[in-house]
Student: 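Submitted below is the structure of interest, expressed as structure tokens.
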Amino acid sequence: MATELEDTREPIVDDQEGPKASPFTPSELLRLDEALTMSSRETGLRFTLYIGDLPTDTRAGAEELHARSGGDPAESVLIAIAPDQRVLEIVTGSAAARRLPDRACALAVLTMTGRFGSGDLVGGIVNGLRQLSDQAGHPAANRPRH
């Protein structure tokens, strides 16, 4: 029996300097949206993506973004990418962290940065999301058995 999960993703937009032109083509944005949607549907976790500058303490900045990304932070995963700073942070909520241990996140980071190094930002993100989804698995497979 298949159930459809409600799509609760919301973009994190930091519009302090006014609207900017997207660095992505419409097809790249569609590809990113599909990857985020599929990751969320397949796992029951809420995946969000932030691309932009982070504060000097990049980890604290990413954790703040995660906290204000909406939805239940415990069931959320944020991928924060600061290309100009050459930084990638993955923040997992408490429930998500049980399904995505640090080792799995580190492997996804390696996958993504390898693609980024060859100039493929979108492909790196999509492959990283796929890898995280595979690791997290389907929510029904993660329920405790009684």
Student: Could you go through the side chain to side chain contact (heavy atoms under 4.5 Å, CB included) check for Ser76 and His66 one step at a time?
Tutor: CA-CA 8 Å; Ser76 298; His66 178 262; 3.6 Å; yes
Student: Would you mind reporting whether Leu45 and Ser39 have side-chain heavy atoms less than 4.5 Å apart?
Tutor: no
Student: Find the distance between CZ (Arg31) and CD (Glu28) and round it off to the nearest 0.5 Å.
Tutor: 8.0 Å
Student: Closest approach of Leu121 and Phe116, non-hydrogen atoms and distance?
Tutor: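 Closest heavy-atom pair between Leu121 and Phe116: O-CE2, 3.3 Å.
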Student: Show, in sequence, the C-alpha distance, side-chain angles and deciding distance for Arg130 and Asp134, and conclude whether the side chain to side chain contact (heavy atoms under 4.5 Å, CB included) test is met.
Tutor: CA-CA 6 Å; Arg130 187 174 301 127; Asp134 289 347; 4.1 Å; yes
Student: Is there a path of hydrophobic side-chain contacts, each under 4.5 Å between heavy atoms, that joins Val122 and Val109?
Tutor: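 They do share one cluster, since a chain of ILVMFWY contacts under 4.5 Å joins Val122 to Val109.
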Student: What pair of heavy atoms forms the shortest contact from Ala62 to Ala80, and how long is it?
Tutor: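 Taking every non-hydrogen atom into account, CB-CB, 4.1 Å.
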Student: Quick one: does any side-chain atom of Gln85 pair with a main-chain N or O of Leu54 as donor and acceptor, under 3.5 Å?
Tutor: yes
Student: Ignoring hydrogens and angles, write down the donor-acceptor pairs under 3.5 Å from the side chains of residues 87-94, residues two or more places apart or on other chains.
Tutor:
residue	atom	partner	partner atom	Å
Glu89	OE1	Arg59	NH1	3.1
Glu89	OE2	Thr58	OG1	3.0

Student: Any side-chain to backbone donor/acceptor pair from Arg99 onto Gly137? Under 3.5 Å, distance only.
Tutor: yes
Student: Would you mind listing every salt bridge (Lys or Arg N to Asp or Glu O under 4.0 Å) that reaches into residues 73-88, with sequence neighbours excluded?
Tutor: none
Student: What closest approach, in Å, do Val77 and Ala96 show between heavy atoms, and which atom pair accounts for it?
Tutor: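 Heavy atoms only, the tightest pair is CG2-CB, 3.8 Å.
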Student: Are Phe24 and Val126 joined in one hydrophobic group, where the rule is that I, L, V, M, F, W and Y side chains link up if heavy atoms are under 4.5 Å apart?
Tutor: yes
Student: Can you tell me how far apart OG1 (Thr37) and CG (Leu32) are? Round to the nearest 0.5 Å.
Tutor: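 Between Thr37 OG1 and Leu32 CG, I get 10.5 Å after rounding to 0.5 Å.
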Student: Drop me the distance from Leu129's CG to Thr43's OG1, to the nearest 0.5 angstrom.
Tutor: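 One finds 9.5 Å between CG of Leu129 and OG1 of Thr43.
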Student: Rounded to the nearest 0.5 Å, how far apart are CD of Glu34 and CG of Leu29?
Tutor: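 Here the rounded value is 11.5 Å.
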Student: Should Ile51 and Ile125 count as side-chain neighbours, where that means a heavy-atom distance under 4.5 Å?
Tutor: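 Yes, their side chains come closer than 4.5 Å.
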Student: For Ala104 versus Gln135, what's the shortest heavy-atom pair and its separation?
Tutor: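 That closest heavy-atom pairing would be CB-CG, 3.3 Å.
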Student: Go through it in stages, so that I can follow the logic: the residues are Asp72 and Arg46, the test is side chain to side chain contact (heavy atoms under 4.5 Å, CB included), and I'd like the CA-CA distance, side-chain angles, deciding distance and then a yes or no.
Tutor: CA-CA 8 Å; Asp72 179 4; Arg46 185 171 182 273; over 6 Å; no
Student: Under the side chain to side chain contact (heavy atoms under 4.5 Å, CB included) criterion, do Phe47 and Leu49 qualify, and how do the steps go?
Tutor: CA-CA 7 Å; Phe47 285 84; Leu49 176 64; over 6 Å; no
Student: Report yes if the side chains of Ser69 and Leu78 come closer than 4.5 Å at any heavy-atom pair, otherwise no.
Tutor: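 Sidechains of Leu78 and Ser69: no contact.
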Student: Might you point out which heavy atoms bring Ala67 and Pro73 nearest each other, and give the distance in Å?
Tutor: O-CG, 4.4 Å
